[in-house]
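Encoded as structure tokens, the structure appears first; notes follow it.
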Amino acid sequence: MILEIKNASFGYGKNTILDNISLTAEKGDLIAILGPNGAGKTTLIRCMLGFLKWTKGESMLDGENINSISARKLWSVVSYVPQAKSFTSAATVLETVLLGRISTLSMFSQPKQKDIDICMQRLSELGISHLAEKRCNEISGGELQMVLICRAIVSDPQVIVLDEPESNLDFKNQLIVLNTLSELSKSGVTCIFNTHYPEHALRLSNKALLLKKRDGYIFGETSKVVTEENIEKAFGVKAVIASVETKESTLRSITALRLSDNEEDPISPDEERLAIISIIASDYSKGELINDYLHEAGKYLIGRMGMPYRKDKVNIINVTLKAPYSEIESLVTRLCTLDGVSVKATYAKKEGSF
Amino acid sequence: MKKNKAGNLSPVAVIILVLLPIVIAVVALSIGRISYPVSDIVKAVASKLGGESVSQQLEVVVWNIRLPRVLLALLAGAGLSAAGVAFQSLFANPLATPDTLGVASGTSFGAALAILMGFSLVGVQLTALVLGIVAVSVTWLCASGKGKALSMVVLSGIMIGSLFNSLVSLVKFTADTESQLPAITYWLMGSLSGAGYDSLALGAPPIIAGIFVLFLLRWKLNVLPLSDDEAKSMGVNIKALRIVTVLCATVITASCVSMCGQVGWVGLLIPHICRMAFGTNHRAVLPASISLGSAFMVVVDTIARSVSAAEIPISILTAIIGAPFFIVLMRKRGGFRI
């Protein structure tokens, strides 16, 4: 099943929000849609699914215009998960999930025991079967999000579209939702989701669509789309992508440094600055990694001093360097992500500043 | 007993809900100016179905006087409750009543106008029915302008409702104070005393048809309170579902009001009680409302016609009996949400 958007545009009156967007989602793709507030992420999803009509272009499912497919046929292969915060029903979890079966049943029919069994099975697969009899307005946000995802998958769809599935959730619940998406896509379901977090796109999606702040967009492989440069263009934020090593894998994290076009901030990223970076490493074994990072910035180094302080079992390193501001900040951020390493940069005052 | 899965009614509840209105109706048939034991009522019914004949007085009282009235009470109670459930679900608002779209006001205006013109009883009923449907159509048209939000439908419903209410006042103002004005006033207070087989023949089919369609759609009614996108993504033609729901609820309400005047409260009270007792799932709430609504109405009407020599207008009683009962229940159960 291939879901496509072909040269589509949308706007209200003369105000164009989405301009000439194309996207292809193939079986098993996990696509993240990124962009700042107001860039039109939700609008993109609503247009893609036919809730809003494109002013130009079209959405296609296996080559057929989505608006010409009958509602029941369309929604038996495609599912939509709305933002959990707008959901206020007092129905029980099982009743809510059962509604997901409507597209598989005829107009006047009632759900059968078979439908209930399928829903219970899906609930337990997602690890939330204990919630079945609870009311939706009495469970937590994370649980509700899982319920809405469950409702979307009980019809065995081939495409799932989710609107900010992990916003408003805590760390753990975000991970649960993200892992669920990963597993769905591994089982061959195409997942498309909106997110505020570029990090989540890097973490699990194979393709990403980045809507830029003013106009235009980038679509492609996630690693090529979610880059420091593109993030600055889209969000107007200077950010650093660093790797965090864990025992199982290497994850990439994104740290926002500052607003890139903040006029009150006199520092330009390319301005050469003199700075001392002070490092305290409580873990000797990190020494080599620290050295690697410093080596990468070798051409900027002016001086370097390192010594172990055995009484407290720490290594103290001081480096002086003259480098573009952004390079210094990026080095500091990368060092910060290491376990047991404390870092601080001290900048030399500029002429005329106090 | 284990709670039934997915909010459906348990078999025991189904049996109780089916038997309740029937038992109450039989008891109501035995109560009145002349009391009969319940066994006589059963005999009278049996005689019509080919059993041994009963005294002519019993036959006339049961078949010609009380039965049409009890039937009307059953239908009106069931209909108004079902319409209330439908409107509350449609607007995702527990305060919605069968009159939210101005049906009852339109119907009342029709009746008042017909009484002013001196129409026959059936003529009054027909005029009322037609104007009720006209009022909702006008409401729907007013709301179909720019935006098309459901809140606009509610707002124009309130507008059209008050418009027709003032038209009713206008009719009352011009009516003859000796004969027409009391007739209009009593009609507006609601009474089932006009019940007869001819008026039932006109009013019952729309009510039964409306209830039947809503009953078939009862599971889908759960989709109505969801947001537009969400409802669409369930694979439901939400527009068609809304129109069918409004149509059924309107036809039911207009028919009920055209037969027995403005009976307030039932459409609000019964659905609320059922939601508190059975949860929010319309698979349970709708059948329960139909059953309890009809039973409640028969009880109230029996009291209305038997406590005093003069009949008490029914809308007075629904509130006097309903309000305290509702408040007790609400305090106990802490209300509900849709």
Side-chain angles (χ1 to χ4, degrees), chain A residues 42 45-46 49-52 69-83 86-113 115-117 119-120 132-133 135-138 148 151-152 154-155 157 160-161 163, chain B residues 2-9 14 88-89 92-94 146-148 212-241 243-245 248 272 275-276 278-287 333-338:
Chain A
T42 299
I45 278 190
R46 296 189 65 209
L49 295 177
F51 298 145
L52 286 172
I69 304 174
S70 79
R72 275 194 51 203
K73 196 177 154 207
L74 173 65
W75 296 109
S76 60
V77 288
V78 179
S79 276
Y80 165 69
V81 181
Q83 290 185 23
S86 61
F87 189 85
T88 56
S89 166
T92 67
V93 165
L94 182 58
E95 285 163 28
T96 304
V97 170
L98 202 52
L99 292 181
R101 295 287 300 167
I102 285 185
S103 58
T104 65
L105 300 166
S106 67
M107 185 72 177
F108 288 107
S109 62
Q110 301 290 319
K112 312 271 179 330
Q113 189 57 43
D115 298 300
I116 296 177
D117 292 344
C119 291
M120 285 309 292
E133 299 295 334
R135 293 188 178 284
C136 283
N137 56 345
E138 289 164 358
L148 295 182
R151 185 181 68 181
V154 289
S155 56
I160 295 187
V161 180
D163 196 359
Chain B
K2 192 172 173 294
K3 191 173 180 274
N4 209 315
K5 288 271 170 74
N8 211 359
L9 290 167
V14 171
Q88 284 152 21
S89 168
N93 185 341
K146 211 180 168 192
K148 282 194 228 165
F212 183 67
V213 173
L214 286 179
F215 183 77
L216 287 181
L217 283 172
R218 63 193 185 281
W219 184 41
K220 301 276 161 53
L221 294 183
N222 288 330
V223 177
L224 284 174
L226 299 179
S227 73
D228 263 24
D229 289 357
E230 229 177 323
K232 273 186 210 160
S233 76
M234 297 292 116
V236 173
N237 185 343
I238 187 71
K239 218 167 160 187
L241 184 62
I243 291 173
V244 170
T245 310
C248 289
H272 276 239
R275 286 199 161 94
M276 286 184 225
F278 299 100
T280 58
N281 193 334
H282 292 88
R283 286 177 77 195
V285 171
L286 189 77
R333 301 295 300 260
F336 78 94
R337 289 178 61 188
I338 283 189

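Every chain is numbered from 1 and lettered A, B, ... according to where its sequence line falls, protein lines coming before strand lines.
Counting heavy-atom pairs closer than 4.5 Å to chain B, the top-ranked of the candidates A/Ser70, A/Ser76, A/Ser155, A/Pro82 is A/Pro82. In terms of heavy-atom pairs under 4.5 angstrom with chain A, the leader among B/Ser233, B/Gly235, B/Ser227 is B/Ser233.
Counting all heavy atoms, side chain and backbone alike, A/Leu99 lies closest to B/Met234 at O-SD, 3.5 Å. The nearest pair of heavy atoms linking A/Ser109 to B/Lys220 is O-NZ, 4.3 Å. Counting all heavy atoms, side chain and backbone alike, B/Leu216 lies closest to A/Gln110 at O-NE2, 3.3 Å.
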Start with the C-alpha distance between B/Val236 and A/Arg72, add both sets of side-chain angles, then the distance that settles side chain to side chain contact (heavy atoms under 4.5 Å, CB included), and finish with yes or no. CA-CA 7 Å; B/Val236 173; A/Arg72 275 194 51 203; over 6 Å; no
Would you please test B/Glu230 and A/Arg151 for side chain to side chain contact (heavy atoms under 4.5 Å, CB included) and show each step? CA-CA 11 Å; B/Glu230 229 177 323; A/Arg151 185 181 68 181; 2.8 Å; yes
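Scored by the ring-ring contact (aromatic ring centres under 6.0 Å, His included) test, B/Trp219 finds no partners at all (sequence neighbours excluded). Annotation: side-chain hydrogen bond (donor to acceptor under 3.5 Å, both in side chains) contacts of A/Arg46 (sequence neighbours excluded): B/Asp229.
In this structure, the portions of A/Ile102 lying under 4.5 Å from any heavy atom of chain B include both its backbone and its side chain.
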